[in-house]
Amino acid sequence: MKRETKLAHYGRMATPGPANPPIVKASTILHDTVASYKATKAARETDDAVLSYGRRGTTTAHQLAAALADLEGGEACFLFPTGVAAVAGALTPYLGAGDHLLVVDTIFPATRSYCEKSLKRNGVTVDYIPWDTTDLTPYVKPETKLVMVESPASQTYEVMDLPALCASAHAHDLLVAADNTYGSGWLYRPLELGCDLSVVAGTKYIGGHADAMMGAVIAKGRVVGPLRAHTAMSGQTLGPDEAYACLRGLRTLGLRLERHGENGLALAQWFPDQPEVAKVHHPGLPGHPGHAVWQRDASGSNGLLTVEFKAGFDAEGFVDRLALFSIGSSWGGFESLAMPSSPDAGRLFPESRAGAMIRFHAGLEHIDDLVADLAASFDTARGR
Ligand SMILES: *Cc1c(COP(=O)(O)O)cnc(C)c1O
């Protein structure tokens, strides 16, 4: 069955019944017999769809987890209240005092903070690798356990060769966790490219409407058992209202990403013609770092692009004049956004940039209106 069809059918109830699984709110789950209670507690250790106690999620979260596991090609999916909680939840089960972690230098800044401030404090050592690493041999130590990657890179979208990196990692008996928020289970599937764990901030495209927070870790193979145990032990779960919002978002994930992708690419192709622009960062542009790998491994791009302006251009003034692009954290909702971006802050291998960088998220508006809004702001800057 095609993925578009699956999106319309995930969680479908027995008929006659509602088209959407209802919001199931529960802490305690009641039983009539001690035997039933005991059987449920035993079953949940291997079956994530067992309704046993609210901390293990109710039916609404279970339906969402099953859908995401299927979309990402995983065996199991565990849900968290935010994307950052999912990042922590994907790393912590496999790392203890004395272990060594490798992280791609172009990682999402909050992931870097977790590694630097929390994992290090607990005795994990952390080193950073360049985004174009395919052979991990120079970085691996006897105590190295896991490689945390993100592709395309945060804010600058360099595309990693995940199949090559995973082959090297597995040759050294290392696990690979990938932050797949960019692809969100639709454009890119790290587990199929060789990764062991895929992390998605569902806050972005899966919720898709700027009104829900969610994180997911999808896994396959030997990592599932420790992940299931640690998620339960640390009390991580997703409430039914957020799970419902994300299931509802899933119905239009493919359609929305098609429009976000078209709009993002159209803007990425429009900006380079503006004389104030030095460079546009977008994985769909020929010449972008990793573009050929992106064409090989992904089915499209999302609504993100980062524009590097020439030195001296008042980029913040340019953003302030926009009417259709609002200023705010996050992305992946229906709305267009523009944000000052400092991708090199904290990076070990910074690049030199021409001038100010602005990260745009192309929303679901008509492309003609978005271009007109940007053109009007350029016109003002040009004194027209
Ligand atoms: C937003 C984001 C996260 C964190 O998600 P929250 O829900 O905001 O905690 C993690 N990784 C990436 C790549 C993100 O863009």
Side-chain angles (χ1 to χ4, degrees), residues 61 64 68 72 77-92 103-119 131 147-160 162 176-190 195 197-218 231 234 236-239 241-243 245-246 249 253 257 260 264 281-283 298 301-306 328-333 335 337-343 345-347 357 359-363:
L64 175 64
L68 293 175
E72 290 259 336
C77 169
F78 300 93
L79 299 174
F80 296 78
T82 68
V84 165
V87 167
L91 296 175
T92 314
V103 181
V104 71
D105 192 43
T106 45
I107 199 87
F108 182 63
T111 300
R112 196 181 197 103
S113 289
Y114 182 72
C115 296
E116 286 295 306
K117 293 177 188 153
S118 183
L119 291 177
W131 68 269
V147 190
M148 176 77 206
V149 299
E150 181 176 340
S151 179
S154 194
Q155 302 172 76
T156 45
Y157 322 110
E158 291 87 347
V159 183
M160 303 183 74
L162 289 186
V176 183
D179 187 325
N180 190 32
T181 303
Y182 186 104
S184 284
W186 194 253
L187 302 171
Y188 197 49
R189 283 198 295 287
C195 298
L197 297 142
S198 178
V199 182
V200 176
T203 308
K204 310 285 168 58
Y205 285 117
I206 292 180
H209 294 75
D211 58 1
M213 302 292 294
M214 184 275 275
V217 183
I218 304 98
T231 306
S234 53
Q236 292 286 13
T237 193
L238 184 73
D241 292 299
E242 302 300 273
C246 291
L253 179 70
L257 271 170
H260 286 296
H281 301 262
H282 184 289
S301 47
N302 69 18
L304 290 173
L305 62 148
T306 299
S329 295
S330 201
W331 44 270
E335 77 285 14
L337 298 168
M339 273 279 288
S341 165
S342 311
R347 285 188 186 173
M357 313 259 293
R359 186 193 67 197
F360 292 89
H361 177 253

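In each ligand, atom 1 is the first atom listed, and ligand 1 is the first ligand listed. All of these numbers come straight from a predicted model, not from anything done at the bench. All values below were derived from every heavy atom in this structure, side-chain atoms included, with hydrogens, water molecules and symmetry-related copies excluded.
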I'd like to know if Trp331 contacts ligand 1, where contact means a heavy-atom distance under 4.0 Å to any ligand atom.
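Right, Trp331 reaches ligand 1.
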
With a cut-off of 4.0 Å, which atoms of ligand 1 are near a heavy atom of Glu150?
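Close to Glu150: 13 (C).
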
Counting from 1, what ligand 1 atoms have a heavy atom of Val84 closer than 4.0 Å?
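Every atom of ligand 1 under 4.0 Å from some heavy atom of Val84: 4 (C), 5 (O), 6 (P), 9 (O).
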
State, yes or no, whether a side-chain contact exists between Leu238 and Leu64 at a heavy-atom distance under 4.5 Å.
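Contact flag for Leu238/Leu64 side chains = yes.
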
Within the structure provided, determine whether Thr181 and Val199 are in side-chain contact (heavy-atom separation under 4.5 Å).
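No. Closest side-chain heavy atoms not under 4.5 Å.
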
Return yes or no for this condition: an N or O of [X] is under 3.5 Å from an N or O of ligand 1.
X      : result
Met213 : no
Thr111 : no
Gly83  : yes

In Å, rounded to the nearest 0.5 Å, how long is the span from CG of Asp105 to OG of Ser154?
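Answer for the CG-OG pair, Asp105 versus Ser154, is 11.5 Å.
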
Just to confirm my output: which protein heavy-atom neighbour is closest to [atom], and how far is it?
atom                    : result
atom 3 (C) of ligand 1  : Phe108 CE2, 3.3 Å
atom 12 (C) of ligand 1 : Asp179 OD2, 3.4 Å
atom 7 (O) of ligand 1  : Thr203 OG1, 2.6 Å
atom 14 (C) of ligand 1 : Lys204 NZ, 2.8 Å

Please report the shortest heavy-atom distance between [X] and [Y], naming the atom on each side.
X      : Y      : result
Arg359 : Ser330 : NH2-O, 3.4 Å
Ser329 : Met339 : N-SD, 4.3 Å
Trp331 : Tyr205 : CZ3-CE1, 3.4 Å

How far apart are the C-alpha atoms of Ser151 and Tyr182, what are their side-chain angles, what is the distance that settles it, and do they pass the side chain to side chain donor-acceptor pair (under 3.5 Å) test?
CA-CA 8 Å; Ser151 179; Tyr182 186 104; over 6 Å; no

Report the member of Ser330, Pro109, Ser329, Ala201 with the shortest heavy-atom distance to atom 5 (O) of ligand 1.
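When every heavy atom of Ser330, Pro109, Ser329, Ala201 is considered, Ala201 comes closest to atom 5 (O) of ligand 1.
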
Below 4.0 Å, non-hydrogen atoms only: which portion of Thr181 touches ligand 1? Side chain, backbone, both or neither.
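Side chain only.
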
As a quick check of understanding, evaluate side chain to side chain donor-acceptor pair (under 3.5 Å) for Gln155 and Ser341, giving each step before the final call.
CA-CA 7 Å; Gln155 302 172 76; Ser341 165; 2.8 Å; yes

